[in-house]
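So the structure is just underneath, and the comments pick up after that.
Sequence positions, counted from 1, serve as the residue numbers for this chain.
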Amino acid sequence: MKPHRFDNLILIVLFVAGSFLYFDLHYRYWYHFMEQFVLFLYTNAYFSDLIHTPGGLTEYLNGALMQFFVLPHVAPAILALVSGLIAVSALLFYRRCGYLFSALWCLVPGFLFWIFPPESLSVPISLLTGLVVALCYTYSLAGYRRFLLAAGLLTACYLLAAPAHLLAACLMGFYEISKPGNKQKFVTALTYLAFALLLPLLAMRTLFVVPMEEAFFSRYLYHPEYPQPLSFRIIGCSLPLLSILLYGLRKWQSGFKYSRSLCYLLLIGGIALGILYGGRPIEQTYRYDYYARTGNWQKIIDHAGKHPVKDLNALVYLNLALSHTNQLGNRQFDFPQAGLSGLIPQDPVTRLDLIAASEVAWQIGHINSSQRYAFVGVLSSERRVQSRLMTRLVETYLVNEEYGAAQKYITILENTLFYRDWARKMRGLLKEDTAGKTPWITEKRKVNVVTDNPFDPAKALPNALGYLLDDHPDNRPALEYALSYLLLYKDLTAFMQYMQSAQSLYTKLPIHYQEAICIYYATVESNPEAFSSYGIDRSVYERFIKFCSVAGNGPKALQQEFGNTYYYYAQFEETPQRN
């Protein structure tokens with residue numbers, strides 16, 4: 001059963017490389033997204049607050065590492081390295097227990113991270129801490145002093161890295177059971193486990209005033225409003241279960257033959273299958289969210305042109321990108337649409353929906369709604385932080401001249417690494433004479449609501465847009481969203497009412513608007529004089545005539561030539577249901 005020299009090291013290195021590729025290909029943008037939910041502050045108060053809670057050091061290290069997830073490829077690299085360290089620590093621990101086997105056994109927790117990707121590094125760090133503590137224990141001296149060391153290690157592990165102390169107790173007990181000639185081994189193992197289970201109960205009555213589950217798992221792995229994922233327990237139990245399996249097979253250990261080729265084949269095959277068939281089904285949405293966060297709107301459009309849009313949130317970002325780049329009226333029907341749900345998330349409650357809804361509301365000039373979605377997003381985060389939406393709150397407060405509220409979040413963000421420079425720039429805008437001369441602020445103030453607008457864009461988008469346009473008919477993004485909505489629901493009568501005021505905003509009408517005008521005057525109202533006033537391009541009109549002449553051939557025959565036109569959408573695509 002003993003592997004050849006360096007084989008285990010090679011296996012672990014291969015797994016680390018495979019883990020990096022797996023997470024980088026499938027979860028890179030998801031971890032960019034998750035970074036904003038762990039706000040690491042460079043303040044003494046932040047450290048003190050964490051260190052005085054169970055598992056506080058784990059969360060401190062988690063935040064210190066996760067702040068770098070904002071950078072490309074860093075999250076996959078850190079996850080791969082931590083998984084490798086877990087495998088190395090497990091291998092060293094089992095060697096100390098007298099088990100010599102392939103490192104493949106020790107890669108089980110790492111592969112579980114592939115199946116259940118952790119939202120933060122808290123779980124991997126906790127697992128690694130429990131292993132390291134158990135490994136340190138194996139070097140303790142015999143006699144009563146090892147019991148004192150065990151008590152000290154478990155207590156420190158609980159206070160700093162709960163629930164790592166539970167794993168450490170299990171592994172320390174396994175080490176005692178594995179030692180030959182230890183007559184009290186089962187009693188010792190049970191004592192360690194009982195002590196680890198008793199620690200949270202003692203702490204919650206003396207040191208902390210917290211619920212029982214929080215005392216056991218820390219407030220970072222347990223939240224009263226969010227059920228703890230089953231994956232936490234599966235990953236946490238993986239090493240104890242592996243230990244039980246190894247103990248049951250201990251009598252046959254020397255009889256097992258080690259096959260180098262089989263180990264390499266299994267590992268490489270597992271990595272290849274994971275890379276080819278793994279990943280999140282909405283990774284495209286997280287990619288688009290990252291592009292939106294960094295202002296790379298054209299990248300969203302370019303990616304959607306090469307890859308089918310797979311879910312509604314991705315479609316929301318795509319339409320938002322078309323609006324930001326002034327292409328919504330020209331290219332909207334280059335892509336499959338889904339009605340209102342493709343323009344803004346409906347009744348947003350999830351963190352992704354709230355972020356997307358805030359982005360759309362900000363774009364159309366509904367500043368108060370953008371602020372409300374951002375505020376709810378900050379409050380609904382499990383850790384009560386959301387760095388990205390904090391920046392949006394600062395922006396909305398500055399637009400609304402609420403400088404005191406803006407200053408509160410600026411102060412928080414100034415104590416971070418990657419938001420510090422941005423926050424310092426915003427601090428310079430806390431005076432009205434400076435803010436009033438800043439272009440992006442003045443542009444948003446020009447389209448901000450003047451009269452009361454009782455409509456929530458995420459629940460009543462057409463009416464909310466109507467109120468915005470009543471205040472500011474020149475609000476081009478709001479107008480284009482309104483026109484987009486009317487085109488999607490084929491309400492050409494209302495569309496033409498908006499076109500009367502829209503003409504002044506364009507030197508040349510977007511293609512889809514021209515197409516809709518052609519349909520309107522051909523099917524609803526015959527008025528050649530009014531039709532000619534819109535300056536329809538000859539190529540657009542000729543294409544309309546050609547479409548009408550071949551429309552009877554059916555949608556499949558016309559898809560390739562006319563699939564990106566409003567003619568095709570109005571004739572063949574089903575009208576979305578109104579909410």
Partners passing salt bridge (Lys or Arg N to Asp or Glu O under 4.0 Å) against D49 (at least two apart in sequence or in another chain):
R219
Residues two or more places apart in sequence or in another chain: which of them pass salt bridge (Lys or Arg N to Asp or Glu O under 4.0 Å) with K408?
none
What's the separation between atom OH in Y192 and atom CG in L197, rounded to the nearest 0.5 Å?
15.0 Å
Under the side chain to side chain donor-acceptor pair (under 3.5 Å) rule, what do N415 and Y46 come out as? Steps first, then yes or no, please.
CA-CA 10 Å; N415 290 298; Y46 178 77; over 6 Å; no
Could you tell me whether the side chain of F216 reaches within less than 4.5 Å of the side chain of L201, counting heavy atoms only?
yes
Spatial distance of atom OH (Y31) from atom CZ (F23) [nearest 0.5 Å]:
5.0 Å
Has T294 got a side-chain atom pairing as donor or acceptor with Y291's backbone, closer than 3.5 angstrom?
yes
Judged by atom type as modelled, is there a donor-acceptor pair below 3.5 Å linking the side chain of S48 to the main-chain atoms of A45?
no
Is there side-chain contact between W105 and L242, with at least one heavy-atom pair below 4.5 Å?
yes
Short question: side chain of Q67, backbone of A64 - any donor-acceptor pair under 3.5 Å?
yes
Check whether any side-chain heavy atom of K185 lies under 4.5 Å from a side-chain heavy atom of K179, and answer yes or no.
no
Output yes when a side-chain donor or acceptor of Y373 lies under 3.5 Å from a complementary backbone atom of A458, and no otherwise.
yes
Can you confirm whether the side chains of D353 and Q346 place a donor and an acceptor under 3.5 Å from each other?
no
Between L315 and Q337, is any pair of side-chain heavy atoms under 4.5 Å apart?
yes
Just distance, no hydrogens or angles: give the donor-acceptor pairs under 3.5 Å from side chains in residues 9-17, sequence neighbours left out.
none

Please collect all side-chain hydrogen bond (donor to acceptor under 3.5 Å, both in side chains) contacts where either partner lies in residues 162-178, sequence neighbours excluded, each pair once.
Y137-E176, R146-E176, E176-N182
Taking the side chain as everything from C-beta on, heavy atoms only, tell me whether L79 gets closer than 4.5 Å to F20.
no
Whether over 12 other heavy atoms sit under 6.0 Å from K459 NZ:
no
Decide yes or no for S126 and P163: does some side-chain heavy atom of the first lie under 4.5 Å from some side-chain heavy atom of the second?
yes
As a test of understanding, state which of I125, L131, V108 forms a side-chain contact (heavy atoms from CB on, under 4.5 Å) with I86.
L131
Give the intermediate values and the outcome of side chain to side chain contact (heavy atoms under 4.5 Å, CB included) for residues F113 and V123.
CA-CA 10 Å; F113 291 142; V123 172; 4.2 Å; yes
Write down the atom of A215, the atom of P200, and the distance for their closest heavy-atom approach.
O-CB, 3.6 Å
Stepwise, does the side chain to side chain contact (heavy atoms under 4.5 Å, CB included) test hold for R95 with N8?
CA-CA 12 Å; R95 281 189 173 182; N8 283 333; 3.5 Å; yes
So, do F33 and W30 have ring centers that fall under 6.0 Å from each other?
no
Drop me the distance from L154's CG to L193's CG, to the nearest 0.5 angstrom.
10.0 Å
Going through the checks in order, is the side chain to side chain donor-acceptor pair (under 3.5 Å) test met by Q284 and Y288?
CA-CA 6 Å; Q284 183 184 48; Y288 290 0; 3.1 Å; yes
Taking the ring centre of each residue, are W114 and F111 less than 6.0 Å apart?
yes
A314 and V309: which non-hydrogen atoms are nearest, and at how many Å?
CB-CG1, 3.8 Å
Could you tell me the separation between the NE2 atom of H303 and the CZ atom of R287, rounded to the nearest 0.5 Å?
4.0 Å
What residues form a salt bridge (Lys or Arg N to Asp or Glu O under 4.0 Å) with E359, not counting sequence neighbours?
R388, R392
Verify side chain to side chain contact (heavy atoms under 4.5 Å, CB included) between L239 and Y94, making sure each step is shown before the conclusion.
CA-CA 10 Å; L239 288 172; Y94 287 119; 4.1 Å; yes
Ignoring hydrogens and geometry, is there a side-chain-to-backbone donor-acceptor pair from T191 to V187 under 3.5 Å?
yes
When every non-hydrogen atom of Y290 is compared with those of P72, the smallest separation belongs to OH-CG, 4.5 Å
Under the side chain to side chain contact (heavy atoms under 4.5 Å, CB included) rule, what do L159 and L207 come out as? Steps first, then yes or no, please.
CA-CA 10 Å; L159 294 175; L207 301 176; 4.0 Å; yes
Inter-residue atom distance L379.CG - F375.CZ, 0.5 Å rounding
4.5 Å
Please step through ring-ring contact (aromatic ring centres under 6.0 Å, His included) for the pair Y27 and Y22, ending with a clear verdict.
CA-CA 8 Å; Y27 292 90; Y22 177 81; 5.7 Å; yes
Ignoring hydrogens, what is the shortest heavy-atom contact between T155 and A151? Give both atom names and the distance.
OG1-O, 2.8 Å
Between the side chains of S358 and S370, is a donor N or O closer than 3.5 angstrom to an acceptor N or O?
yes
Is the shortest heavy-atom distance from the side chain of C157 to the side chain of T129 under 4.5 Å?
yes
Which pairs, with at least one residue in residues 13-27 and sequence neighbours excluded, count as a salt bridge (charged side-chain N to carboxylate O under 4.0 Å, His left out)?
D24-R28
Are F40 and Y42 close enough that their ring centers fall under 6.0 Å?
yes
I'd like to know if the side chain of N319 and the backbone of G342 have a donor-acceptor N/O pair within less than 3.5 Å.
yes
Is a donor on one side and an acceptor on the other found under 3.5 Å between the side chain of Q386 and the backbone of L389?
yes
Please confirm whether the ring centroid of F174 lies under 6.0 Å from the ring centroid of Y99.
yes
Which heavy atom in L121 sits nearest to a heavy atom in M66, and how many Å separate them?
N-SD, 3.9 Å
Whether the E59 and S122 side chains hold a donor-acceptor pair (N or O, under 3.5 Å, no angle test) is what I'd like checked.
yes
Under 4.5 Å between any side-chain heavy atoms of L107 and L267, yes or no?
yes
Between G236 and P240 the two heavy atoms that sit nearest each other are O-CD, 3.4 Å
Say you draw a straight line from CG of L312 to OG1 of T285; how long is it, rounded to the nearest 0.5 Å?
9.0 Å
Other residues, nucleotides and ligands only: do more than 12 of their heavy atoms fall within 6.0 Å of NZ on K299?
no
For the residue pair F232 and F217, is the inter-centroid distance of their aromatic rings smaller than 6.0 Å?
no
Would you say the ring centers of F69 and H32 fall short of 6.0 Å from each other?
no
